Amino acid sequence: MKPILTAIALISACIIGIANNAQSSISKEDFLGPFSSWANLKKDYGAIGDGTADDTQALQSALNDLRKEDRKKFVLYIPMGKYRITKTLVLLRETHNESKDVSIIGEDPSRTTILWDGEAGGIMFDYGAWYSKVSRLTFDGAGKAKTAIAHGKKFVTYNEYSDIVIKDVEFGIEAGIMTEQGIAETTVLRCKFVRCSKAGISVQNFNSLDWFIWYSIFERCGVGVTNVYGAGNFHVYESFFINSTESDISIGNTGYFSARYNTTIGSKAFFFARGLTASANITIQGNTIVETKETPIQIGDHGPVLLFDNIFKSKITPLVKVNPVAGFISVGNTFTVKEPIEAKKNAISIDDKIVEYDSVPVKLPDPPSTPPDRNRNIVELPAGSTAPAIQQAINEALKSKGQRPVIHLSAGEYAIDQTINIPQGSDVQLIGDGVRTVLKWTGKEGDAVLKVIGQSHATLKDFNIIGAGIVDGLVIEGCDQLHAKIFMERANVSGAKQVGILAEKMANADITLHDFNHSDCAVGVKVVGTNAQTDGRFVIFSGASSNNQLSYDVSDGGKLLARDIWYESGQYPKFISLTGKGTFTLNGAIAAVASKEGIAPIELNNFSGNFSLLTTILVGTNNAPATVLLKGEGKDMNVLLLGTEFGMGDDYFVNQSPKARFAVLETTMFTQGGGSKPLENQGTTDPEFIRNMIKQIRSERPSSFDPVSDNITDLSLFGVMVSNARNCIVIK
């Protein structure tokens, strides 16, 4: 009985601990609002919010106005209250601009609740908006509702759920319908799912792709995150699972998936993949897995699986069970049983260790809390304000430095004919109403629409920059101090004539991008180094991309890590081109490119440095091979393809560099009908070479939100879109 009692005590302590941590954790963001440009559910639609009155019609009327193509307001604010509903709320669309670029924002999830009192098995919210946001609300199914939020009538993309609590339903979020449509590129941020008896998040369509789940809590759900009720892919980061009755994460239909730096306590299992003859490129990294009731990780498909730096505290054997056909590599994991892994006999294991059960500490996660309302000073500018008017407001904000003053730009178009500058040292917060707050260049060819000058603590949030193809969109300069931070959440660049995002000769700054999108650019991402060893970094931790003429360019000793990012193009064959010096790791990705004879999607030509391609699906048109080509002498060229899935054909890897050092390990190839087959390893399996080539992905983790001193850059972007510019975002 002793182990059981110990586990129960540990789980109880952790639940108490996570509640306490949530109170003390500090969010990177402020809550800013409500503004005069927002609709108010009580004032404008007569909702009562006392938990007794039926507020269904008031909510539906507000949603009907958000749906209109000619709507006047793009944000619905829901004040504190408990809003009882008796029928499904509906926000769908038939035309392109219906239910687009809108936000539904509650006052605070602890005080703003939508309560289901309709028929048993009902859906609370049938949601089909896109480029939109739902935030700061609780959905209470009262043990009667089937689903809190459902999607699937139309395909939608680029949505955000933040600071949402969903409780006492079967499904928290149903992301798509197999027989209808999906929902892609969706961020789930700081949300909590409690007693969702089937699943907290259920991804349910082959086009329900690129779900990025951050800093969320799943408590006593059937499954935390899954696609077993349909298809699609997702990634789960820095989240906390407590007592999942089936598993924390599960998959059926395959794709590429990742679970990174999560904590689980007392669940039946952590990661479960059904048995299939297809590949699922899976990265399981940095998780803390405590006292599951069954084998924590069970992989029944063909993998390949990368198991990096996880901590297991359990007495169950095995701790990891992998289909013996599947590609598999285990590096740097900590186990507490003698025979922790059941997998193929020749599986690669590097630096794994077995320790005593009682020697493993359990560190509770400390997720960011819901952004608080800090009562900032606010200046509201009406739609159509001129560039000089915006500049004057920014300059005036310098007088309130240290108080994080707010300049709010209502939804509408702003004709910008001269560069707007955020001066050095400013901590202004420039915020719009979402994509429909548009700063549009109307001047002559010149510098930039918006420029942030060094040592800035500014915040840019929820607006759109259009550069008319003749100026840069956003320029950040003088920002390369030691320990400087540039953080972007849901930044989106498109249509760059030169580069979508350019980091030029940055030596010190920590440039961190979450859920970053880049598309339709001449070059999507370009990192130019200093030809010297530096401590700075440029990391895309998650995102999606499409239709760039070239997606990634690293030169002059630049360093780039991109992980968990989609790419597709039916037009352009080139994906990565590396020359000169550099370091580039792509981990957890798909690259579906247009096949064109004589053009290799990935080409390293006289490249000096490390290139690692990990758990990535790389295919051409109709699942043809998309070649990785090594050219030149290759004296200092190091290449690792690990856990990669290739299109059908022999030319997936072509080495024309006689001195290049390479390894092609634990890879698979598509087969007719949707299955896969393992490929023979090529090149070296030297542990030291592998350690060196995976060092970048193992060492880089999302940075903390701790503040830095005034004379060091600490710049934040949330939901900023930049398009049709010379360069969309430049950091120099």
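Because the structure is a prediction, the values reported are computed rather than measured. This chain uses plain numbering: 1 for the first residue, then up along the sequence.
A donor and an acceptor atom, one from each side chain of N587 and R260, are located under 3.5 Å apart. H235 and S542 share no side-chain donor-acceptor pair at under 3.5 Å. Under 3.5 Å, the side chains of T713 and Q481 contain a donor-acceptor pair of N or O atoms. Side-chain contact annotation: T668 with S279, donor-acceptor N/O pair under 3.5 Å present. Under 3.5 Å, the side chains of S244 and R220 contain no donor-acceptor pair of N or O atoms. T187 and D515 form a side-chain donor-acceptor contact under 3.5 Å, judged by distance and modelled atom types alone. There is no side-chain donor-acceptor pair under 3.5 Å between T317 and E339. Of the N and O atoms on the side chains of T113 and D140, not one donor lies less than 3.5 Å from an acceptor on the other residue.
Side chain of N253 to main chain of G230: a donor-acceptor pair is present (N/O by atom type, distance under 3.5 Å, no hydrogens or angles). Judged by distance alone, the side chain of T684 and the main-chain N or O of D686 form a donor-acceptor pair under 3.5 Å. Under a 3.5 Å cut-off, the side chain of N287 and the backbone N or O of T263 do not form any donor-acceptor pair. N638 places no side-chain N or O within donor-acceptor distance of the main-chain N or O of N610, the cut-off being under 3.5 Å. Between the side chain of N227 and the main chain of G252, a donor-acceptor pair closer than 3.5 Å is present. A donor-acceptor pair under 3.5 Å is absent between the side-chain atoms of S216 and the main chain of I213, judged by distance alone. A distance-only check finds a donor-acceptor pair linking the side chain of N262 to the backbone of S239 [under 3.5 Å].
Of the listed residues (I486, L561, V525, V554), just one forms a side-chain contact (heavy atoms from CB on, under 4.5 Å) with F538, and that residue is V525. A side chain to side chain donor-acceptor pair (under 3.5 Å) with T615 holds for exactly one of D564, N281, T283; it is T283. S267 pairs in a side chain to side chain donor-acceptor pair (under 3.5 Å) with only one of the listed residues (N243, D248, T245), which is D248.
Within the structure, salt bridge (Lys or Arg N to Asp or Glu O under 4.0 Å) pairs that include any residue of residues 328-338 do not occur (at least two apart or interchain).
Between the CZ atom in F718 and the NE2 atom in H514 there is a gap of 10.0 Å [rounded to 0.5 Å]. Atom CG in L307 sits 10.0 Å away from atom CD1 in I329 (nearest 0.5 Å). How far CG of L640 is from CD1 of I694: 8.0 Å, rounded to the nearest 0.5 Å.
Classified by interplanar angle (parallel below 30°, tilted 30° to 60°, perpendicular above 60°), the ring pair F218/F241 is parallel.
In this structure Y237 satisfies the ring-ring contact (aromatic ring centres under 6.0 Å, His included) test together with W214, sequence neighbours excluded.
Annotation: F653 is in aromatic contact with F662 [ring centroid separation under 6.0 Å].
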Practice problem: Begin with the C-alpha distance, continue with both residues' side-chain angles, and end with the deciding distance and a verdict on salt bridge (Lys or Arg N to Asp or Glu O under 4.0 Å) for R136 and D108. | Solution: CA-CA 5 Å; R136 304 177 69 86; D108 188 281; 3.7 Å; yes
